[in-house]
Number of protein chains: 2
Amino acid sequence: MRRDVFQAIADPTRRAIIMLLAVGALTPNAIADHFDTSRQAVSKHLRILTECEILVQEQQGREIHYHLNAGKMKDLEKWLEQFKQLMAKRFDQLDTVLEQLKSKGK
Amino acid sequence: MRRDVFQAIADPTRRAIIMLLAVGALTPNAIADHFDTSRQAVSKHLRILTECEILVQEQQGREIHYHLNAGKMKDLEKWLEQFKQLMAKRFDQLDTVLEQLKSKGK
DNA sequence: TATATGTGCAATCAATCGGTTTCGCAAATG
DNA sequence: CATTTGCGAAACCGATTGATTGCACATATA
């Protein structure tokens with residue numbers, strides 16, 4: 001079972017959950033209140049998010065508080081950064097070409 | 001059919017294709033050479049990436065060159081930025097709380 | 001013109017996804 | 001001690017996914 005940040009954020013409900021928990025930890029019921037789906041459906045999303053370590057559980061009596069593990073989002077950030085660097089390098093090469101054309105034009 | 005950047009980058013092959021094309025435009029066959037799957041499978045990924053406007057086709061004779069539309073990745077960047085801002089705000093609040101505790105301690 | 005090449009598209013299939021319903025269990029509450 | 005509450009797990013279901021295979025159709029090439 002593939003379980004990474006990329007697959008986790010593919011679902012809009014999960015993205016919304018991440019945003020919710022970015023503000024502060026919540027229990028499953030509290031989270032489910034924000035959505036139209038059942039608590040169980042939300043619970044499934046929480047399981048997926050926990051499995052790929054985006055969320056962390058904190059048991060308090062019979063309640064479970066889901067916390068965000070912000071560090072995991074770095075995986076996404078890293079990939080995006082890598083992509084942007086590749087693009088930047090490409091534009092640098094383009095700049096070089098343009099520069100060469102310019103100097104030849106003289 | 002959901003077709004957004006988030007769903008597009010959920011698949012590892014598609015992420016690899018994006019990275020490939022970040023370096024420069026390629027034809028489907030050239031792209032498929034980099035993977036173990038069939039050309040048709042790659043072609044499907046290209047269709048998905050094109051549908052959500054991450055890729056743009058450029059016909060040249062019987063060849064099709066797939067270009068990256070780097071701008072589309074902004075959707076992802078925006079979401080990530082929004083997330084980071086929420087987290088930052090939370091830490092600001094935490095700072096405030098700590099500040100209050102400190103002044104009370106005096 | 002006959003053949004090879006580059007490509008998209010449709011049919012098909014097993015696997016996965018996201019949802020609901022039902023259940024079980026431990027912790028709070030009366 | 002009985003009941004309510006908060007939660008996860010399992011069974012099930014239709015829809016979607018990612019892959020393969022086979023085909024059609026243009027454009028090059030001999």
Side-chain angles (χ1 to χ4, degrees), chain A residues 1-21 24-69 72 76 79, chain B residues 1-21 24-69 72 76 79:
Chain A
M1 212 177 303
R2 193 169 17 105
R3 207 110 287 185
D4 55 39
V5 183
F6 301 98
Q7 185 254 346
I9 66 165
D11 183 83
T13 302
R14 285 198 289 268
R15 285 199 300 278
I17 290 177
I18 290 175
M19 287 306 193
L20 259 180
L21 297 186
L26 288 174
T27 64
N29 275 321
I31 296 169
D33 283 345
H34 290 81
F35 300 96
D36 288 336
T37 62
S38 66
R39 177 190 61 80
Q40 283 86 345
V42 169
S43 205
K44 261 189 172 181
H45 286 304
L46 293 176
R47 191 160 72 85
I48 290 172
L49 288 167
T50 304
E51 274 172 11
C52 64
E53 297 176 301
I54 291 181
L55 299 188
V56 178
Q57 301 181 341
E58 183 201 358
Q59 191 96 27
Q60 281 186 15
R62 71 179 163 186
E63 293 185 345
I64 297 177
H65 291 256
Y66 281 88
H67 292 261
L68 206 57
N69 172 21
K72 254 298 164 180
L76 178 60
W79 184 81
Chain B
M1 212 176 306
R2 194 169 16 109
R3 207 110 286 185
D4 54 39
V5 182
F6 301 98
Q7 185 254 346
I9 66 164
D11 182 84
T13 303
R14 285 198 288 269
R15 286 200 299 279
I17 290 176
I18 289 175
M19 287 305 192
L20 260 181
L21 298 186
L26 288 174
T27 64
N29 274 325
I31 296 169
D33 283 346
H34 289 80
F35 301 96
D36 288 337
T37 62
S38 66
R39 177 192 61 78
Q40 282 88 344
V42 170
S43 206
K44 260 192 174 180
H45 286 304
L46 293 176
R47 192 159 71 84
I48 290 172
L49 288 167
T50 305
E51 273 173 9
C52 64
E53 298 176 300
I54 291 181
L55 299 188
V56 178
Q57 301 180 341
E58 183 201 358
Q59 190 95 29
Q60 281 187 16
R62 70 179 161 184
E63 292 186 345
I64 297 178
H65 291 255
Y66 280 88
H67 292 262
L68 206 56
N69 172 21
K72 253 299 162 182
L76 176 60
W79 183 81

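The sequence lines fix the lettering, A, B, ..., with proteins before strands; numbering per chain opens at 1. Remember, predicted model here, so these are calculated numbers, not experimental data. These numbers come from the heavy atoms of this one structure, side chains and all, not from hydrogens, waters or symmetry mates.
In this structure, A:Gln7 places its CD atom 11 Å from P of C:dT16, rounding to the nearest Å. For the pair B:Glu51 CD and C:dG8 P, the interatomic distance rounds to 12 Å; values are reported in whole Å. Counting to the nearest Å, the C1' atom of D:dG8 and the NE2 atom of A:His45 are 15 Å from each other. Put simply, CZ on A:Arg47 is 8 Å from C1' on D:dA9, counting in whole angstrom units. Rounded to whole Å, the distance from CG on B:Asp36 to P on D:dG18 is 17 Å. As a whole-Å value, the separation of B:Asp4 CG from D:dT16 P is 15 Å. Taking atom CD of residue B:Gln57 and atom P of nucleotide C:dG6, one finds them 17 Å apart after rounding to whole Å. We find that CG of A:Leu46 is positioned 14 Å from C1' of D:dA9, with the value rounded to whole Å.
Under the 4.5 Å side-chain criterion, counting only non-hydrogen atoms from C-beta, B:Trp79 is not in contact with B:Val5. Looking at heavy atoms from C-beta onward, A:Ile31 lies in side-chain contact with A:Leu21 at the 4.5 angstrom threshold. The closest side-chain heavy-atom distance from B:His34 to B:Leu20 is below 4.5 Å. Counting heavy atoms from C-beta outward, B:Ile54 and B:Leu49 have side chains that approach closer than 4.5 Å.
Within the 4.0 Å cut-off from OP1 or OP2 of C:dT20, at least one side-chain nitrogen or oxygen of A:Ser38 is found. OP1 or OP2 of D:dG8 lies within a sub-4.0 Å distance of a side-chain N or O belonging to A:Ser43. Residue B:Asn29 places at least one side-chain N or O closer than 4.0 Å to OP1 or OP2 of C:dT7. Look at A:Arg3 and you'll find a side-chain N or O under 4.0 angstrom from OP1 or OP2 of C:dC17.
Within residues 58-69 of chain A, the residues having any heavy atom under 4.0 Å from DNA chain C are, by residue number, A:Gly61, A:Arg62.
Donor-acceptor pairing under 3.5 Å, judged by distance alone, is present between the side chain of B:Gln40 and the base of D:dG22. For a distance-only test at 3.5 Å, the side chain of B:Arg39 qualifies as a donor-acceptor partner of the base of C:dG8.
A:Gln60 and A:Glu58 share a donor-acceptor pair across their side chains, judged by distance under 3.5 Å alone.
Using modelled atom types, no side-chain atom of A:Asn69 and backbone atom of A:Leu55 make a donor-acceptor pair closer than 3.5 Å. With hydrogens and angles disregarded, no donor-acceptor distance shorter than 3.5 Å links the side chain of A:Ser43 to the backbone of A:Arg39.
Comparing atom distances between the B:Pro28 side chain and each of C:dG18, D:dG18, C:dT7 picks out C:dT7 as nearest.
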